[in-house]
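Heads up, the thing below is written out as structure tokens.
The figures that follow rest on heavy atoms only: side chains count, while hydrogens, waters and symmetry mates do not.
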Amino acid sequence: MNPAQQQAVRYLDGPSLVLAGAGSGKTRVITSKISYLVGQCGYEPKSVFAVTFTNKAASEMRERLIKMLGAERVLELNISTFHSLGVRMLREESKAAGLKTGFSVMDAQDCFGLIQSLVASTDKARLKAIQQQISLWKNALLDPDAATHSAQNAMMMDAARVYHSYQTSLRAYQAVDFDDLIMLPCQLLADNEDVREKWQNRIRHLLIDEYQDTNACQYELMRHLTGVRAMFTAVGDDDQAIYGWRGATMQNLARLQDDYPVLKLIKLEQNYRSTQTILAAANHLITRNPKLFPKQLWSDLGTGEAISVSRMDGELEQAQAVAIRLSAARTEKRATWKDFAVLYRSNQQARAMEQALRDLRIPYTVSGGQSFFDKAEVRDILAYLRLVANEQDDPAFIRAATTPRRGIGQATLQALGEYAAKRHISMFAAACEQGAQAAINPKQLQALQTFVGFLQRYAMRASQPASREHVATLLDELMAAINYEHYLYDVSSDDRAARMRWQTVLELLDWLKSRATESNWSLSELVQHVALITMLERQGEQSPDAVTLSTLHAAKGLEFPHVYLIGVEEGLLPHLGRESDEDSLAGGPERIEEERRLMYVGITRAQRSLHLTWCARRRRGGQDQACEISRFVAEMGLEQQPAVADPGASLTPKGRLDMLKAMLLKPGAS
DNA sequence: ACAGAATCAAATTAT
DNA sequence: TTGATTCTGT
């Protein structure tokens, strides 16, 4: 380790902020520090807490530590995402927080549904704006009343009103949303001295990864958790702050210095990842942004290959050309597929790319984009599990009751809902009451009672102490009882589709079972965590040799020998929403600065070669639209680099076509 | 309650 | 253009 890294690891006299430039060995510092604390300073593993933003980062950290400390001690360490820590705190302190221990965690999609039902509107854009606003308020630690006071225009007043009933509904469902997972523990620590002391005594050192992405709420949580002893290590990079839209604020970096005058500042400026050519371009670009903490990243890995910039006709051509170049480069550089990544600004850009890669039989994995847990069949099963853990979860009740179809429909649910609202009870509870049953037709009532009866018996058994077989058996029994496989064959248009969907379900069940075994969680504990888990985590399990497709956001923290950054166009990479000067287009320059940092993140993912492509036209809406190259390309100062050395770029159109044909005729080429 | 037909909006980024 | 959602008839 270099002196700065060593200093960051060894410093234990108080709070410290490690400004870790891209590729400067940030993860290495965090894991080394944990290992140092436990291995050499005699800290108990359970007194060391590390928080990250993604499950993937957490498990990567855990994996690295297993090699340093051994599996047993790592098991005791508290390494988790902010949100998982929130779940754990709320679960442990459920009484003080006024929640039942089996509370539900609703994901963004569920919450959108809730807002939709509260507003009774079909305007999707408006609903989304309201959801976003509520989220921002929560991230800023504003409750509904405070939000109402701070509302500046009609739209915000409107959102504040929804916020009120939204919170009431969540409370009634015994459910929390993602933002609550930070906000509620934070409020709990602020208001409850016993709880605060308990946690502060438990945590002897707190390490925070990606500190620049914390929001006001997370900052407060950190302050409360560390207390006056303030033993923490925050690690971050202001040039990689790309989550402003989610409430993250770089002011948290500056605030740290104000709130902790003794704060030790350590800069990691040596880059171990990229060639000087790539780093120079990245540095050149980012100097356009105002600096909070000036730092000078350098590398001694040599000049390397020049950065290529290619104009493509359209999205399709871009995808095909990149696929071909990838293929050529793999052969020429004697590289493997996993050495390559294709990065883009928005998920939709993956489509054309996937098609082109499939055509050439190039293996790939798509990271980011939550496909798995967004699939209907997965959400169906999870609705049952959520309901089992928490019968007050009305959204789960509605979904489970109606899928598979069992004669419970609109009319029945409406009767239940009205009765439940009047009596302030859950729909599940309403279904058990005489008064509500009177309003339902005998035939439907029969179906309803069968459903409710089954669930009650099932929930009874699910609440018994966790044991390995128990969870597995319960899950299999549930599938048999609701006959879900049969249902899939019923609703799918063809058997092939049904088989694939059932496969997805089996994957989910396997995953749940293995997870229960690993962590010894009960079914309800398991379900609370599922909402927080994304597809990303599963990537570690299987590591086939495949090209990575990823959004720029999801690519942060990753690195690849060869990176293709596609769609580098005005309007897309500096992404501009609608340019019509609408209401909340505040923060003009800040918007473009964040986009610039996004570009910076993309560039700095590359170790040895970087290739930029942009499309001269792009289908938008229904019609073709002319596009211009991104302003960021000019800001990279590429004029100074040697002539383009990428073999694919020098191919004539005819040469490209021949190459494409050759690959199509030879399916086993990959 | 449900299946097929007509209509309509679409494009950030994600725990 | 698609893909998803809403409407309509049985």
When rounded to whole Å, the CZ to P distance for the pair Arg618(A) and dT12(B) reads 14 Å
Nearest-nucleotide check on DNA chain B, Lys124(A) vs His83(A); residue mapping nearer the 5' end is Lys124(A)
Interatomic distance, CE@Met106(A) vs OG@Ser169(A), rounded to 0.5 Å, equals 8.5 Å
OP1 or OP2 of dT13(B) versus the side-chain N and O atoms of Asn347(A): is any pair under 4.0 Å?
yes
For Phe53(A), answer base if it contacts any base atom (sugar-phosphate contacts may also be present), sugar-phosphate if it contacts only those atoms, and nothing otherwise; contact means non-hydrogen atoms under 4.0 Å. sugar-phosphate
To the nearest angstrom, the OH-C1' distance between Tyr600(A) and dT13(B) comes to 20 Å
Looking only at dT12(B), dA14(B), dT15(B), the nucleotide nearest the Trp245(A) side chain is dA14(B)
Separation between CZ (Phe632(A)) and CG (Leu285(A)), nearest 0.5 Å, reads 6.5 Å
When rounded to whole Å, the CG to P distance for the pair Leu85(A) and dT15(B) reads 17 Å
From CD of Gln349(A) across to C1' of dA10(B) the rounded distance in Å is 15 Å
Which atom pairs, one a donor and one an acceptor, fall under 3.5 Å between side chains of residues 438-452 of chain A and the rest of the protein, sequence neighbours left out?
residue	atom	partner	partner atom	Å
Thr450(A)	OG1	Gln446(A)	O	2.8

Taken to the nearest 0.5 Å, the spacing of Arg618(A) CZ from Cys627(A) SG works out to 5.5 Å
Review item, nucleotides 1-3 of chain B N/O atoms under 3.5 Å of protein N/O:
residue	atom	partner	partner atom	Å
dA1(B)	OP1	Gly409(A)	N	2.5
dA1(B)	OP1	Gln410(A)	N	3.3
dA1(B)	OP2	Gln410(A)	N	3.2
dC2(B)	OP2	Arg405(A)	NE	3.1
dC2(B)	OP2	Arg405(A)	NH1	2.8

Rounded to whole Å, CZ of Arg351(A) lies from P of dT12(B) at a distance of 15 Å
Separation of dA11(B) atom P from Glu569(A) atom CD, nearest Å, is 17 Å
To the nearest angstrom, the CD-C1' distance between Gln528(A) and dT15(B) comes to 16 Å
In whole angstroms, the gap separating C1' of dT12(B) from CG of Leu343(A) amounts to 16 Å
Taking the P atom in each of dA11(B) and dT6(C), what is the distance between them to the nearest angstrom? 15 Å
Note: for Phe178(A) and Lys128(A) on DNA chain B, the residue whose nearest nucleotide lies more 5' is Lys128(A)
Worksheet entry | Same-atom distance (P) from dA4(C) to dT13(B), integer angstrom | 15 Å
Test side-chain hydrogen bond (donor to acceptor under 3.5 Å, both in side chains), reference Lys138(A), set Asn215(A), Asp180(A), Asp179(A), output is Asp180(A)
So, OP1 or OP2 of dT15(B): does either fall under 4.0 Å of a side-chain N or O from Asn215(A)? no
Discussion item. Taking the basic N atoms (NZ, or NE/NH1/NH2) and the acidic carboxylate oxygens, is any pair closer than 4.0 Å for Asp213(A) and Arg246(A)?
Written reply: no
Spell out yes or no: do the side chain of Arg246(A) and the base of dT15(B) have one donor N/O and one acceptor N/O closer than 3.5 Å? no
- Query: What about Tyr166(A) and Tyr163(A), are their ring centers closer than 6.0 Å?
  - Reply: no
For Thr551(A) and dA14(B), is the shortest distance between a side-chain N/O and OP1 or OP2 below 4.0 Å?
yes
Under the criterion of centre distance below 5.5 Å and interplanar angle below 30°, is Phe82(A) classified as stacked on the base of dT15(B)? no
Between the CG atom in Leu357(A) and the OH atom in Tyr364(A), the distance rounded to the nearest 0.5 Å is 7.0 Å
